[in-house]
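Only a predicted model underlies this, so the values are computations on that prediction, with no experimental measurement involved.
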Amino acid sequence: MIASTDGATATAGRSGGLSSSTDTAMLLALRRRADMVLVGAATVRAEGYGSPSQAGLRIGVVSSRGDGLDFASPLFASGAGFVITTTDAPDLPVETVRCGHDGHVDLADAVGHLDVGILSVEGGARLNAALLDAGLVDEINLTTSPHLVGGESARLMAGARERPARLELAHLAEHDDYLFARYNVADSLPVGPS
């Protein structure tokens with residue numbers, strides 16, 4: 001994920017305005033390490049996801065209803081993209097994993113069905129929040145962009161229940177004023193006064 005120095009995850013609805021060529025290279029390096037990528041449907045629409053350049057990489061698009069996706073787009077036409085949605089979502093013209101109901105995707109069940117080693121998540125903020133709430137976050141790769149954005153952009157985990165967790169810095173690098181950090185999730189912290 002990328003965020004501005006003041007915590008915005010997008011400018012004009014897209015993360016690309018915060019990014020750099022080095023950040024893009026980091027994203028591609030993380031993809032090479034991954035067995036599969038998860039991304040929210042809103043992010044796929046906003047960022048114009050195409051087919052991955054990495055042969056064989058699958059991209060699971062999480063959507064509560066499966067609507068609003070362009071199934072003729074290169075992502076789905078290439079066979080790389082599939083949808084993770086609820087059991088009561090309408091039939092879709094692409095491969096579909098169905099877990100949860102009433103507009104709520106059961107991500108723990110979905111991840112169990114995927115049966116992959118390294119699952120990389122590319123956002124957006126609501127998917128990140130749902131994964132945090134499900135206890136499925138064990139590492140965060142965060143690029144801090146040297147920009148101030150203001151506005152009402154979502155935070156990295158927009159909508160997550162308050163669930164403080166201690167992070168351990170595993171790696172930190174800087175290039176052209178961008179900070180690249182990898183954190184491991186150490187443990188949950190108690191909420192409220194001790």
Side-chain angles (χ1 to χ4, degrees), residues 1-4 7-64 66 68-71 73-76 78-85 94-97 99 105 107-108 110-111 113-114 116-134 136-145 149 153-160 167 170-171 178-185:
M1 290 293 296
I2 190 167
S4 66
T9 57
T11 169
R14 297 188 62 194
S15 64
L18 298 172
S19 190
S20 69
S21 59
T22 304
D23 176 57
T24 301
M26 293 291 283
L27 173 71
L28 294 175
L30 289 169
R31 278 188 173 191
R32 283 191 297 275
R33 187 178 84 139
D35 297 310
M36 185 178 290
V37 170
L38 281 190
V39 64
T43 299
V44 166
R45 287 189 295 268
E47 303 292 337
Y49 267 58
S51 60
S53 57
Q54 181 179 332
L57 183 64
R58 300 296 313 276
I59 297 182
V61 180
V62 180
S63 173
S64 59
L69 293 169
D70 179 4
F71 296 112
S73 71
L75 173 62
F76 293 108
S78 69
F82 66 98
V83 176
I84 300 169
T85 191
V94 296
E95 180 184 344
T96 307
V97 173
C99 299
V105 176
L107 289 169
V111 168
H113 278 84
L114 297 176
V116 294
I118 297 176
L119 186 62
S120 184
V121 178
E122 296 181 358
R126 290 185 312 195
L127 176 58
N128 294 342
L131 289 164
L132 182 67
D133 284 345
L136 296 172
V137 177
D138 59 5
E139 179 180 287
I140 296 176
N141 292 282
L142 174 63
T143 299
T144 303
S145 174
V149 173
S153 177
R155 293 172 40 203
L156 291 177
M157 305 283 178
L167 303 177
H171 180 78
Y178 283 78
L179 295 177
F180 304 93
R182 184 175 72 246
Y183 295 95
N184 295 321
V185 177

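- With rounding to the nearest 0.5 angstrom, the CG atom of L142 is 10.5 Å from the OG1 atom of T9.
- Looking only at distances, a side-chain donor or acceptor of S153 sits under 3.5 Å from a matching main-chain atom of A10.
- Inter-residue side-chain proximity for L69 and Y49 is flagged as unmet; no heavy-atom pair is nearer than 4.5 Å.
- Nearest heavy-atom pair across F71 and F76 is O-CB, 3.4 Å.
- Inter-residue side-chain proximity for L119 and L136 is flagged as unmet; no heavy-atom pair is nearer than 4.5 Å.
- Residues T11 and S4 form no side-chain contact, since every pair of their non-hydrogen atoms from C-beta on lies 4.5 Å or further apart.
- L167 has its side chain within reach of V185: a pair of non-hydrogen atoms, C-beta onward, lies under 4.5 Å apart.
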task: Given side-chain contact (heavy atoms from CB on, under 4.5 Å), test V61 with V94 step by step and report yes or no.
output: CA-CA 11 Å; V61 180; V94 296; over 6 Å; no
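- T22 is not listed as a side-chain neighbour of Y178, based on a closest heavy-atom distance of 4.5 Å or more.
- For the atom pair CD1 of I84 and CG of L107, the computed distance is 7.5 Å after rounding to the nearest 0.5 Å.
- Here the CE-CG distance, from M1 to N128, works out to 4.5 Å after rounding to the nearest 0.5 Å.
- Side-chain N or O atoms of E47 include one that pairs as donor or acceptor with a backbone N or O of S15 at under 3.5 Å.
- The number of heavy atoms from other shown groups lying within 6.0 Å of CZ (R155) does not exceed 12.
- The two residues A3 and L156 make their nearest non-hydrogen contact at CB-CD2, 4.2 Å.
- Residues passing the side chain to side chain donor-acceptor pair (under 3.5 Å) test with R126: none are found, sequence neighbours excluded.
- Contact check for M36 versus L114: side-chain heavy atoms found under the 4.5 Å cut-off.
- Counting all heavy atoms, side chain and backbone alike, T43 lies closest to G124 at OG1-N, 2.9 Å.
- What you find for S19 and I2 is that their closest heavy atoms are CA-CD1, 3.6 Å.
- To the nearest 0.5 Å, atom OH of residue Y183 and atom CG of residue D138 are 16.0 Å apart.
- Contact record, L57 with A34: CD1-O, 4.0 Å, taken as the closest heavy-atom pair.
- Considering only heavy atoms from C-beta on, F180 comes within 4.5 Å of T143 through its side chain.
- Atoms CG and CG, from L27 and N141 in turn, are 10.0 Å apart once rounded to the nearest 0.5 Å.
- For the atom pair S120 OG and E139 CD, the distance stands at 8.5 Å (nearest 0.5 Å).
- The minimum heavy-atom distance linking R31 with P52 is given by the pair NH1-CB, 4.0 Å.
- Identified under the side-chain hydrogen bond (donor to acceptor under 3.5 Å, both in side chains) test for residues 51-62, with sequence neighbours left out: R58-E95.
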